[in-house]
Amino acid sequence: MTTREFDGIRLEKVREHVWEIPREGEMNVPARVLASESLLEEIGDDDSLQQLKNATHLPGIVEPALCMPDGHQGYGFPVGGVGAIDARTGCISPGAVGYDVNCGVRMVKTNLTYDDVRGREEELVDALFEAIPSGLGGGGVIDGDADAIEGALERGVEWAVEEGYGIESDLARCEDEGRRPDARPEYVSQKAMDRGRNQMGSLGSGNHFLEVQRVTDVFRADVAESYGLEEDGIVVLIHCGSRGLGHQTCNDYLRQIEKEHGDLLDELPDKELAAAPAGSELAEEYYGAMGACINFAWVNRQLITHQARKTFGEVFDADPIEDLGMELLYDVAHNIAKKETHEVGVDAEGRPAVGDEAVDRAERELYVHRKGATRAFPAGNADVPETYRDVGQPVIIPGSMGAGSYVLRGGDQSMSVSFGSTAHGAGRLMSRTQAKQEFWGGDVQDDLEDGQQIYVKAQSGATIAEEAPGVYKDIDEVIRVSDELGIGDKVARTFPVCNIKG
DNA sequence: ATGTGC
């Protein structure tokens, strides 16, 4: 048997790209890392494996706890982690969702080709930078008065479209139609809402960006056709989340859960995994508040889409929908927990069980925590919008600003391998602090422009350094693993034209 | 990720 060991954590190779940390001691379930040998080396280089192992201690977790090929360490639980936990007897953990609730990405199509934008990159990047607030501070596209916040938290994209910030077809082209039905805005604190007030329609900082891209490769022509993607076509990628509102909500509930559920916390190996037992008041409140933050993030991306459409309309002197065909391909969430029904192993009493203890399989409602992981439902799944149901859910994977991105479709194996999930990006190789020591923003910007004709405009040079292409893993390798495992199949690859960020 | 720490 092939094995690898990192800091005393031993992994057994189950099959190609599947590595298991066997169950031992207090682990409730085994854990699995989905990675090639080279990606596993990178994952083993930080605390991700320890964090993944810690997550197996969460009560009610269903086997296996998972780390996607782009995984790296995060707060308590790896970014790139998937934890499916019984929603009746288990728990919900804000650290396994992440601070940036519904950080996510959407792709907007156009009928422009690379030739149409070539030579006009700087004009376009300047206009987008002008129209779309970015960085810390800087305000939003609209004033988030009480009605706007309430509408966004309660009804998500539905509210935004009703207010004129989108078109009817945008709704069906978002995960969950852009609205969590179980959102409970009343559980979002006033402080969180105050922070979101001037952030409605803003990119934020860090790895968040808007990028104009061109399609360079098509791998599955039939699926690409269903998605409306063609080689040389121009698309717009928007990557951002719920800003201070989601951050504050995560913090609010972490503190309350630590205080209220200290008994559960004492059983866990890391305080950062603090979890509320299923059925407790805090579990219900956090779940409802998180759903409202998910809606807020969708509205955020919708408002940015609105500004991008307007800007393209002005720059190309045309109607963004009628003439430029700026329809949404899809919008996916990266940091969420949702109640989903999956088939799991159960014991004689019908409780989720591990390995040989499972005598049968049955459907159970689970809190599926995806933190830095993307839902990737396959063809035929009822939750895939009708337009895409025959081919599978579009999965959009943003890469670094020097390497391009991918469009995948949910693969046939995703439900049996990864609770219907795949990777979410290239995955960091080093901390932001280390990145700033290794790179200088201005140099990175010059190299991208001179070497690859990629035009980057940012509020801060430090952000460019933190997000330098060299800070990320090899996205082609991440996607190869996803494709070969059959959890997310390659459909098309894109390459940056211009990029705005915080 | 983040009014860049609790």
Side-chain angles (χ1 to χ4, degrees), chain A residues 46 48 51 70-81 93-105 133-140 144 149 188-200 202-210 238-259 265 271-272 274 289-290 293-294 296-298 300-301 304 332-337 369-374 398 400-401 424-437 441 458-467 471-472 501-502:
Chain A
D46 61 22
S48 326
Q51 291 186 332
D70 55 334
H72 60 90
Q73 72 186 65
Y75 179 90
F77 188 89
V79 175
S93 171
V97 171
Y99 268 89
D100 189 5
V101 177
N102 191 8
C103 170
V105 60
S134 62
L136 297 175
I149 293 275
V188 175
S189 70
Q190 189 57 50
K191 191 176 178 186
M193 291 193 284
D194 288 344
R195 285 182 69 173
R197 190 187 165 107
N198 62 352
Q199 301 179 331
M200 292 188 77
S202 64
L203 280 174
S205 186
N207 63 353
H208 291 164
F209 62 80
L210 178 148
I238 297 164
H239 181 200
C240 62
S242 52
R243 304 291 328 277
L245 185 140
H247 189 274
Q248 185 64 44
T249 301
C250 179
N251 206 53
D252 286 345
Y253 281 95
L254 277 170
R255 299 294 91 83
Q256 287 185 71
I257 289 169
E258 285 164 4
K259 223 168 105 185
L265 192 55
K271 183 180 172 234
E272 295 183 355
M290 179 194 38
C293 296
I294 293 175
F296 183 82
W298 272 323
N300 192 21
R301 292 198 282 278
I304 292 168
V332 290
H334 288 164
N335 288 12
I336 47 99
H369 299 68
R370 294 191 186 93
K371 179 186 186 181
T374 315
S400 77
M401 56 187 164
H424 86 305
R428 293 192 80 84
L429 274 176
M430 61 181 86
S431 69
R432 295 175 192 284
T433 315
Q434 197 188 338
K436 278 181 281 196
Q437 288 160 0
Q459 299 285 353
S460 143
T463 305
I464 300 182
E466 288 175 4
E467 299 301 320
V471 162
Y472 282 92
K501 56 201 301 87

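Protein chains get the first letters and strands the later ones, always in sequence-line order, with residue 1 at the start of each.
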Rounded to whole angstroms, how far apart are OH on A:Y99 and C1' on B:dT4?
-> 12 Å

In whole angstrom, give the distance that lies between atom OH of A:Y75 and atom P of B:dT4.
-> 17 Å

Rounded to whole angstroms, how far apart are CZ on A:R255 and P on B:dT2?
-> 18 Å

Using a 4.0 Å heavy-atom cut-off across all strands, classify A:E258 as base, sugar-phosphate, or nothing.
-> nothing

Rounded to whole Å, NE2 of A:H208 lies from P of B:dT4 at a distance of 17 Å

Find the distance A:K436:NZ to B:dT4:C1' and express it as a whole number of Å.
-> 8 Å

Taken to the nearest whole Å, CG/A:L254 to C1'/B:dT2 is 13 Å

Take the angle between the ring planes of A:F77 and A:H369 and call it parallel below 30°, perpendicular above 60°, tilted in between.
-> tilted

Which atoms form the tightest heavy-atom contact between A:R301 and A:C240, and what is the distance?
-> NH1-O, 2.7 Å

With the side chain counted from C-beta on, respond yes when A:C250 and A:Y75 share a heavy-atom pair under 4.5 Å apart, and no when they do not.
-> no

A:E467 side chain reached by A:R428 side chain, heavy atoms, under 4.5 Å = yes

Starting at atom CD of A:Q256, determine the distance to atom C1' of B:dC6, rounded to an integer number of angstrom.
-> 17 Å

Dump the intermediate steps for side chain to side chain contact (heavy atoms under 4.5 Å, CB included) on A:V188 and A:Q248, then the final yes or no.
-> CA-CA 9 Å; A:V188 175; A:Q248 185 64 44; over 6 Å; no

Touch class at under 4.0 angstrom, heavy-atom based, for A:E466 against every strand present | nothing

With a non-hydrogen cut-off below 4.0 angstrom, is A:S242 in contact with a base, only sugar-phosphate, or nothing?
-> nothing

Scan A:K191 against the nucleic acid and name what it touches under 4.0 Å (heavy atoms): base, sugar-phosphate only, or nothing.
-> base

Mind checking whether A:L203 and A:P133 have side chains closer than 4.5 Å, heavy atoms only?
-> no

Looking at residues 243-251 of chain A, who's got a heavy atom less than 4.0 Å off DNA chain B?
-> A:R243, A:G244, A:H247

Would you sort out whether A:C103 and A:H208 count as a side chain to side chain contact (heavy atoms under 4.5 Å, CB included), showing the intermediate values?
-> CA-CA 9 Å; A:C103 170; A:H208 291 164; 3.4 Å; yes

Please report, rounded to the nearest Å, how far the P atom of B:dC6 is from the NZ atom of A:K271.
-> 10 Å

